[in-house]
Asks: 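For reference, the structure I am asking about is given below.
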There are 2 protein chains.
Amino acid sequence: MNIPEGYDPRAFEPFAVTVDLAVLTVRADRLHALLVQRGQEPYAGSWALPGGFVLPRESAGTAARRELAEETGLSGATVAGLHLEQLRTYTEPDRDPRMRVVSVAYTALVPDLPEPRGGGDAAEARWLPYDEVPPLAFDHGRILADARERVGAKLEYTCLATAFCPPEFTLGELRQVYETVWGVPLDRPNFRRKVLTTPGFVEAVEGPPRRTGGRGKPAALYRAGGATALHPPLLRPEGRTA
Amino acid sequence: MNIPEGYDPRAFEPFAVTVDLAVLTVRADRLHALLVQRGQEPYAGSWALPGGFVLPRESAGTAARRELAEETGLSGATVAGLHLEQLRTYTEPDRDPRMRVVSVAYTALVPDLPEPRGGGDAAEARWLPYDEVPPLAFDHGRILADARERVGAKLEYTCLATAFCPPEFTLGELRQVYETVWGVPLDRPNFRRKVLTTPGFVEAVEGPPRRTGGRGKPAALYRAGGATALHPPLLRPEGRTA
DNA sequence: GCAAAAGTGTTCGTAGTACACCCATGA
DNA sequence: TCATGGGTGTACTACGAACACTTTTGC
């Protein structure tokens, strides 16, 4: 721990610890982020990531789920099942002009959800297409960009894409997630084979129910399998961020 | 930011913010971690990860480099060139029995270094083989395990392995890093081809100097190239953590 | 019928795997 | 000389890329 001689942490101006949430979804074939409009200074009127203070007896992960439930209006039970992942912690001394705030950022991947009802705290909450996100308050633009990059990379070597889908989904919907996040088209037959031959990626829903996404042949339904890692990975074409 | 009505962060018992360092190296074909022996309660006498408090006007990354320089006895300039990466932040309310401490953990990958001179602060510092690390103070065992897992995974799809090597190294030394961290033998000819055909992974040191690691034919020298990502990845055999 | 999406099959090239083999050095 | 590790070549295989084709729906 290496506490310097005579160091008393309480003698310093205290640190505040917050969580910030980069909540992403795929909606109408576009990547969207959940943003809130700030009602107070600093950055009043600006858009920002949802988040808030970690309470004294709470872990950051617990705080993140609590805030997510508040902001999305989903029940605690529903939120408990969502994929939430610690992204990174942002600690620049001047990232908040008011005081020293260290923020633990989380990324949440959610299926297309109903429009959020501005989470109680006056601020308006809204899904915004990723490409149309205005400059954000604090360093939230940076956080959101980091989240997007992380998610794109994780799709390659994990089964994470299913987190963007409803409990039962078609392979077309799953492929749409990849195409939307990566911004490149994928070969449908090859994608299908890759997913189906990876053990535990998806499992077929036995009952012969089928569903249509509009026109075209109805597609078989699948749900997420037990696997989390994806070996060998599903690399995006060109191997570069598109 | 979503500050609850009437919330004053200063009214709560303050959070302390620390950094903890999982410093890894490859030494004598084994993975080693840099550990310090605690001189004071709690956990007096136990081994722990090096680390310390983040100062009021310092970012966590700056604090991590400062602590690393102190613990390893290296100059600031040398430490500035090392690979240091934020791992994760540990926030369980009771992870430190004294007070609420949130710790930002960093992983540092360093080439084989001289034995550290117990960083000034009374505590003894030592390289210990990863397999022989005793139970650590606080949640540091968990942090170290997370670091090891992260490093193993990153070797697959980044050029990170060069961070374990001195500025000029042979392909045999580089391969040794993979074999040590993954715990599996790799085919030498295939490894060589993979590394050399990946643009920017390594670049040959032009001068015809060669070096021997003991017996055998002298090997050509290389230094780290400009690339960071590795496409396509270099997957470990079996695709599983060995 | 036509468009659109699902699902199946086939070909081709390349990258990884598993070797065999030669070279240069130290003991 | 032998053991050890560096360096080169090669055949086999598997997987991904590309694309043709059939099926089933809505309009």
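The analysis underlying the following values was restricted to heavy atoms, covering all of them including side chains, and did not include hydrogens, waters or symmetry mates. Within every chain, numbering begins at 1; the chains are lettered A, B, ... in the order of the sequence lines, protein sequences first and strands thereafter. Keep in mind that what you see is a predicted model, and the values were worked out from it rather than measured.
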Asks: Roughly, in whole Å, what's the span from CD in A/Gln176 to P in C/dA4?
Replies: 15 Å
Asks: Please report the distance, rounded to the nearest Å, between CG in B/Leu186 and P in D/dG6.
Replies: 13 Å
Asks: Reading nucleotides 11-18 of chain D 5' to 3', which nucleotides get B (base under 4.0 Å from a protein heavy atom), which S (sugar-phosphate only), which -?
Replies: -----SBB
Asks: Let's go through A/Arg142 and A/Glu92 carefully: what are the C-alpha distance in whole Å and the side-chain angles of both, what is the deciding distance for salt bridge (charged side-chain N to carboxylate O under 4.0 Å, His left out) to 0.1 Å, and is it a yes or a no?
Replies: CA-CA 12 Å; A/Arg142 163 87 186 285; A/Glu92 289 304 317; over 6 Å; no
Asks: Within the structure provided, determine whether B/Thr228 and B/Thr158 are in side-chain contact (heavy-atom separation under 4.5 Å).
Replies: no
Asks: Does the side chain of A/Arg65 come within less than 4.5 Å of A/Tyr106's, by heavy atoms?
Replies: no
Asks: D/dG5 C1' sits how many Å from B/Arg192 CZ, rounded?
Replies: 12 Å
Asks: D/dT24 P sits how many Å from A/Lys217 NZ, rounded?
Replies: 6 Å
Asks: Step by step, would you call B/Leu174 with B/Val202 a side chain to side chain contact (heavy atoms under 4.5 Å, CB included)?
Replies: CA-CA 10 Å; B/Leu174 186 63; B/Val202 298; 4.2 Å; yes
Asks: Spell out yes or no: do the side chain of A/Arg188 and the base of C/dA6 have one donor N/O and one acceptor N/O closer than 3.5 Å?
Replies: yes
Asks: I need the CG-P distance between A/Leu171 and C/dG7, as an integer number of Å.
Replies: 6 Å
Asks: Cation over ring, B/Arg148 on B/Tyr130, under 6.0 Å and within 45°?
Replies: yes
Asks: I need the CD-P distance between A/Glu179 and C/dA5, as an integer number of Å.
Replies: 11 Å
Asks: Round to a whole Å and report the spacing from CG of B/Leu234 to C1' of C/dA15.
Replies: 12 Å
Asks: What is the distance, to the nearest angstrom, from the NE2 atom on B/His231 to the P atom on C/dA15?
Replies: 15 Å
Asks: With a 4.5 Å heavy-atom cut-off, do A/Leu21 and A/Leu34 have their side chains touching?
Replies: no
